[in-house]
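Input: a single structure, listed below in structure tokens.
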Amino acid sequence: MSEMSEMELSSSLPGVTVRALEYPRDAERVVAIANSVRPDPTSVEAVLAHEALRAVDGRYVRLVAIAPDGLVVAYGEATHSPWDAPGLFGLELVVDPAWRGRGAGALLWETLRQRLAEEGATRIEVDVREDDFGAERFAQARGFKMERRLFESTLDPNQFDETPFAGVIERLEAEGARFFSLADVGDTEAARRAAYEINRRAALDIPGRIQTFAPFEEWRRFVCDASWYRAEGQIIAALGETWVGLGAVGYFVESNSMYNMITGVDRAYRGRGLALALKLHTIRLARRYGAAYIRTHNDSENAPMLAINRKLGYRPEPGLSLYVWTA
């Protein structure tokens with residue numbers, strides 16, 4: 001994939017140009033634009049840390065739109081990881097609110113689309129917040145079709161009343177279940193591999209999107225080496241010596257919040273209350289951290305997990321719609 005100079009692409013929008021996104025040069029503006037639409041703020045440090053962990057063999061098309069005065073007014077990043085389905089790219093495209101409706105986003109998308117065609121993209125996926133009607137119209141006008149919804153919800157762990165769930169964990173422990181974190185077992189290579197296997201099985205079993213999963217070495221880099229990773233946030237459910245479930249949460253300093261990445265139990269062990277117990281453990285951990293809230297997402301087809309979240313008192317928030325462009 002060739003790099004582009006600032007003058008290689010120009011637009012019909014007077015004075016606006018498109019060039020390759022460059023880190024750390026563009027990090028501050030990318031963060032400012034991203035934080036204009038994200039419910040949880042990020043930081044330059046977090047973005048650069050994430051950049052250092054990206055897949056070496058991935059394919060990336062990353063551009064920014066530049067105003068006449070040199071200010072970055074929009075960015076677009078399309079990514080194909082080595083383990084993704086052929087032709088699949090995930091897209092993030094965000095325009096500075098002051099520049100919405102002025103053509104910078106349209107120029108950026110058209111340039112991205114041309115570059116992605118050169119990369120062999122046949123399916124481009126983008127998440128659009130349900131309350132961002134401008135972004136929704138933008139996607140629809142460019143041939144994206146809404147495929148499914150991802151519900152978002154939050155919980156204040158400090159206001160959570162565990163009384164209705166008294167005895168849930170104790171009953172399972174009396175039946176032979178054990179709950180522990182990777183921190184409890186030393187966060188060793190062997191423990192991480194075991195947690196990876198549960199994570200992989202659970203992720204591939206989630207209803208919804210095209211499911212693929214990274215190999216262990218990549219997972220270890222972008223999970224265990226991430227700034228949000230906490231070994232105590234990788235909570236395991238075991239029956240005897242068999243690890244059968246995982247509740248994974250990360251801690252984000254910028255928002256003093258936790259994100260529940262995944263809660264999953266192997267099919268053969270469902271229906272016992274293990275997922276609920278794992279959720280209770282993640283809430284207890286969030287309380288110990290003093291986190292302001294826990295955020296999570298669930299596919300609209302994942303009825304069992306949505307039911308558990310409602311039971312626990314998670315509050316619905318504006319979610320995400322998956323929009324897909326196909327060649």
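Remember, it's a predicted structure, so these values are computed and weren't measured experimentally.
- Across every non-hydrogen atom of A292 and D156, the tightest pair is O-OD1, 3.6 Å.
- Here T79 contributes atom OG1 and F89 contributes atom CZ; the two are 8.5 Å apart, rounded to the nearest 0.5 Å.
- The pair R29-D96 meets the salt-bridge criterion, with a side-chain N (NZ, NE, NH1 or NH2) lying under 4.0 Å from an Asp/Glu carboxylate O.
- Between the side chain of D184 and the main chain of S181, a donor-acceptor pair closer than 3.5 Å is present.
- A donor-acceptor pair under 3.5 Å is absent between the side-chain atoms of D266 and the main chain of A268, judged by distance alone.
- Counting only distance, with no hydrogens or angles, the side chain of S81 and the backbone of D84 share no donor-acceptor pair below 3.5 Å.
- Taking the side chain as every heavy atom from C-beta outward, R192 and Q234 never approach each other to under 4.5 Å.
- Distance check: F151 CZ to L306 CG gives 6.5 Å after rounding to the nearest 0.5 Å.
- In this structure, H297 places its NE2 atom where more than 12 heavy-atom neighbours from other residues, nucleotides or ligands lie under 6.0 Å away.
- In terms of modelled atom types and a separation under 3.5 Å, the side chain of N298 and the main chain of L150 share no donor-acceptor contact.
- Note that the CD atom of E218 and the CZ atom of F216 stand 11.5 Å from one another [nearest 0.5 Å].
- The closest donor-acceptor contact from the side chain of D26 to the backbone of E22 lies under 3.5 Å.
- When the shell of 6.0 Å around OH of Y289 is examined, it contains more than 12 heavy atoms from other residues, nucleotides or ligands.
- Under the 4.0 Å criterion applied to side-chain N and carboxylate O atoms, E254 and R38 are not assigned as salt-bridge partners.
- Between the side chain of R178 and the backbone N or O of G240 there is at least one donor-acceptor pair closer than 3.5 Å.
- Two rings, from F180 and W243, have their centers less than 6.0 Å apart.
- For E51, the CD atom is densely surrounded, since the number of other residues' heavy atoms within 6.0 Å is greater than 12.
- Checking side-chain atoms of R19 against main-chain N and O of V64 turns up no donor-acceptor pair under 3.5 Å.
- Taken from CH2 in W219 to CZ in R193, the straight-line distance is 10.0 Å, to the nearest 0.5 Å.
- A donor-acceptor pair is defined here as one N or O able to donate and one able to accept, closer than 3.5 Å; no such pair exists between the side chain of E92 and the backbone of E77.
- The main-chain N or O of F138 is found under 3.5 Å from a side-chain atom of R142 such that the two form a donor-acceptor pair.
- Note on R220 versus E217: no salt bridge recorded, every NZ/NE/NH1/NH2 to OD/OE distance being 4.0 Å or above.
- More than 12 non-hydrogen atoms from other residues, nucleotides or ligands lie less than 6.0 angstrom from CZ of R270.
- In this structure a side-chain-to-backbone donor-acceptor pair under 3.5 Å is missing from R123 to L88.
- With Y323 as reference, Q140 is the one residue of E125, E147, Q140 to meet the side chain to side chain donor-acceptor pair (under 3.5 Å) rule.
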